[in-house]
Amino acid sequence: MARETDLDKLRHSTAHVMAEAVLELFPDAQIAIGPSIENGFYYDFELPRALTQEDLDVITENMKAIMKEGKPFIRKEVSRDEAREFFADQKYKLELLDAIPEGEVVTMYNQGKFTDLCRGPHVESTKDLVPEGFKLLNIAGAYWRGSEKNQMLTRIYGTAWTSGKDLRAYLDHLADIEKRDHRKLGKELDLFSLHEEAGPGLVYWHPRGARIRLAIEDFWRNEHYKNGYEMVYTPHVGKSWLWETSGHLGFYKEGMYPPMEMDNVDYYAKPMNCPFHIMIYQNGKRSYRDLPFRWAELGTVYRYEKAGALHGLLRVRGFTQDDAHLFVTPDQMDEEIMEVLRFSLYMLHSFGFKDIHAYISTQPEKSVGEKEKWDAATEALKRAVEKEGLEYDIDEGGGAFYGPKIDLKIKDAIGREWQLSTVQFDFNLPERFDLTFVDKDGVEKRPYMIHRALLGSIERFFGVLVEHYAGAFPPWLSPDQIAIIPVAAVAYDYAKDLEKKFRAEGFRVVNDLSDDRMNAKIRKAQKMKIPYMLIIGEKEMANGQVSVRYRTGKQVNGVDVDAFIAEVKEKVENKEQI
RNA sequence: GCCCUUGUAGCUCAGUAGGUAGAGCACCACCAUGGUAAGGUGGGGGUCGUCGGUUCAAAUCCGCUCGAGGGCUCCA
């Protein structure tokens with residue numbers, strides 16, 4: 001167990017004080033566990049009734065009072081019997097006690113009226129805690145010991161810092177996260193919607209969202225061609241034998257939409273694209289001269305995610321993977337892995353993600369395929385990651401049963417990690433579908449198969465992008481790149497000319513000819529986070545110019561139209577933010 | 001699936017101790033033609049998520065159900 005930092009100690013001790021305060025309110029409460037966590041702490045209780053916000057206020061006041069009293073935290077080593085007797089009416093503590101290995105010292109910590117079974121460490125006294133530096137945040141349900149078979153407890157989450165200033169900074173950070181929420185911005189910027197009445201977890205892309213998606217997809221397709229991929233399109237449903245052969249019906253059935261029967265055969269909506277790409281592979285006798293195949297598809301798949309797991313665009317039931325499958329000979333493996341990783345990084349960088357961390361997952365206990373293959377593939381993954389100079393962690397035994405993999409996690413603008421790219425070896429499907437290629441020596445051999453997704457799923461990636469940019473997309477992605485804002489009706493003809501000109505240049509333009517006042521038009525464009533606003537009136541008309549107001553608030557008046565076009569083009573081409 | 005919270009006009013939200021619904025924005029109409037974040041006036045729009053119960057009377061109380069949010073679990 002890692003040594004606890006001072007902040008961990010503070011948080012853990014604050015959790016104990018919270019438990020004391022809760023027991024003051026509910027003397028009969030059963031207490032479970034209360035550790036420190038990132039940014040705070042929690043404690044789980046079994047309570048006689050549901051908590052309200054008022055309860056939290058009372059608990060908070062109790063806690064502050066306890067902190068002011070300055071009660072020492074006292075550590076005490078006890079025998080198991082002593083502990084068992086002390087916690088006779090605390091069933092969870094008794095269970096925890098039983099789980100402590102024989103021979104390990106049992107310790108209890110006391111402060112004021114509260115004593116907990118706890119290995120510590122804690123601060124010296126409750127007066128070392130910071131009344132103005134903590135806040136109880138929310139109430140949630142949590143299973144005892146994290147198992148859904150067990151009793152659901154009430155968990156109170158809190159945050160704690162060494163000063164009121166740090167607390168405020170953290171609360172500001174939480175507010176920032178809320179402002180960036182892609183569900184909120186998706187509504188405000190009119191990007192997408194979800195309709196429970198039409199099916200939970202299924203996404204509707206509005207025109208403005210679709211424009212962003214198309215910009216992403218166009219870029220994605222072009223880059224794939226440049227990197228030697230071919231595009232394929234495959235069906236959305238397939239007969240059950242495909243999924244029996246692939247093993248999905250065996251291992252993954254509860255994650256699939258239920259079957260549709262037609263002509264006495266069950267059809268399933270695809271949860272993955274692999275079997276379909278394999279069908280294309282199977283369509284002919286393959287030679288080593290043909291390999292590698294790199295087949296990519298923006299393939300829409302359907303998976304049954306539990307209702308409680310659905311979350312905006314980040315967790316949905318129908319989504320589009322930016323999928324590709326590589327069929328390679330064993331001696332092409334190294335080179336192909338290098339290329340896939342390089343390509344992944346290039347894509348992520350293009351979208352403004354610079355901070356990238358790799359995770360390599362190796363052979364688990366239960367797996368298919370020979371050990372030599374696993375080792376060779378794992379080594380290839382490591383070599384690739386090292387060659388790109390990426391920091392990486394190894395998750396020993398964390399691979400899927402069918403092969404090792406690399407996952408790439410990016411950090412967004414406010415430091416949150418998201419897993420996007422994944423590159424996975426598959427020793428299973430080539431076997432199950434009996435894939436072969438004819439090698440130089442005329443012998444049929446098994447190809448290697450690599451699954452990879454660079455962005456993950458378009459929906460999820462889009463959600464991450466919205467939060468990363470807080471809705472202020474760089475011009476190349478922005479749904480509207482330019483807003484034309486004529487000051488008065490006299491400038492409408494000029495506005496229309498400009499609009500035509502910009503469209504001819506390939507820009508996405510909105511021309512605001514409404515009878516709003518200019519100020520209102522600016523406000524609207526600003527709220528839609530349009531990067532360039534062009535204010536035009538008599539002055540600009542006379543000189544064939546535009547006045548540019550940037551989303552950032554900067555203004556430049558009297559700009560020649562061609563100079564403006566060149567400026568925007570450069571930003572778009574370089575995928576730069578303004 | 002489980003726990004807690006929650007569901008009132010397109011959106012954001014008010015609705016005090018139960019007496020048959022309000023605001024702002026958006027939308028429509030008219031007036032106003034305006035130089036860097038909301039011009040004015042008027043208007044249309046809701047069976048208060050669904051079903052059932054208590055009551056003379058329910059958006060307000062109770063039950064069921066369907067969603068959503070925060071968690072837990074799950075994510076081969």
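None of the values given here were measured: they were computed from a predicted structure. Side chains are part of it too, since the values below use all heavy atoms of this structure and drop only hydrogens, waters and symmetry mates. In the text below, chain A, chain B and the rest are named by the order of the sequence lines, each starting its count at 1.
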Residues A:Glu305, A:Arg460: salt bridge by 4.0 Å N-O rule = no
If only side-chain N and O atoms of A:His311 are considered, is one of them under 4.0 Å from the OP1 or OP2 phosphate oxygen of B:G71?
-> no
Represent RNA chain B in dot-bracket notation, 5' to 3'. Only Watson-Crick or G-U wobble pairs with both distances under 3.5 Å count; pseudoknot-style crossings use [ ] and interstrand partners use |.
-> (((((((..((((........)))).(((((.......))))).....(.(((.......))).))))))))....
Backbone N/O of A:Arg551 and side chain of A:Gln526: donor-acceptor pair under 3.5 Å | yes
Please determine if A:Lys409 and A:Asp407 form a salt bridge, counting it only when a charged side-chain N lies under 4.0 Å from a carboxylate O.
-> no
Sole candidate of A:Leu153, A:Ile33, A:Val22 that passes side-chain contact (heavy atoms from CB on, under 4.5 Å) when paired with A:Phe45 = A:Val22
Does A:Glu178 CD have over 12 foreign heavy atoms under 6.0 Å away?
-> no
Residue whose closest nucleotide on RNA chain B lies nearer the 5' end, A:Tyr402 versus A:Gly201 = A:Gly201
Identify whether any heavy atom of A:His248 sits under 4.0 Å from a base atom; if not, whether one sits that close to sugar-phosphate; answer base, sugar-phosphate or nothing.
-> base
For each nucleotide in nucleotides 6-14 of chain B, reading 5' to 3', give B when a protein heavy atom comes within less than 4.0 Å of its base, S when such contact involves only the sugar-phosphate, and - otherwise.
-> -----SS--
Per-nucleotide protein contact string for nucleotides 38-45 of chain B (B base, S sugar-phosphate only, - none; heavy atom under 4.0 Å) | BB------
Pairwise P distance, B:A9 and B:G22 [rounded to whole Å] | 14 Å
Decide yes or no, distance alone: a donor-acceptor N/O pair under 3.5 angstrom between the base of B:G35 and the side-chain of A:Gln555.
-> no
Do you know which of A:Arg180, A:Arg416, A:Lys179 makes salt bridge (charged side-chain N to carboxylate O under 4.0 Å, His left out) with A:Glu467?
-> A:Arg416
Mind checking the C1' distance from B:G46 to B:G15? Whole angstroms is fine.
-> 14 Å
Nearest-Å distance for atom pair CZ/C1', residues A:Arg549 and B:U36 | 5 Å
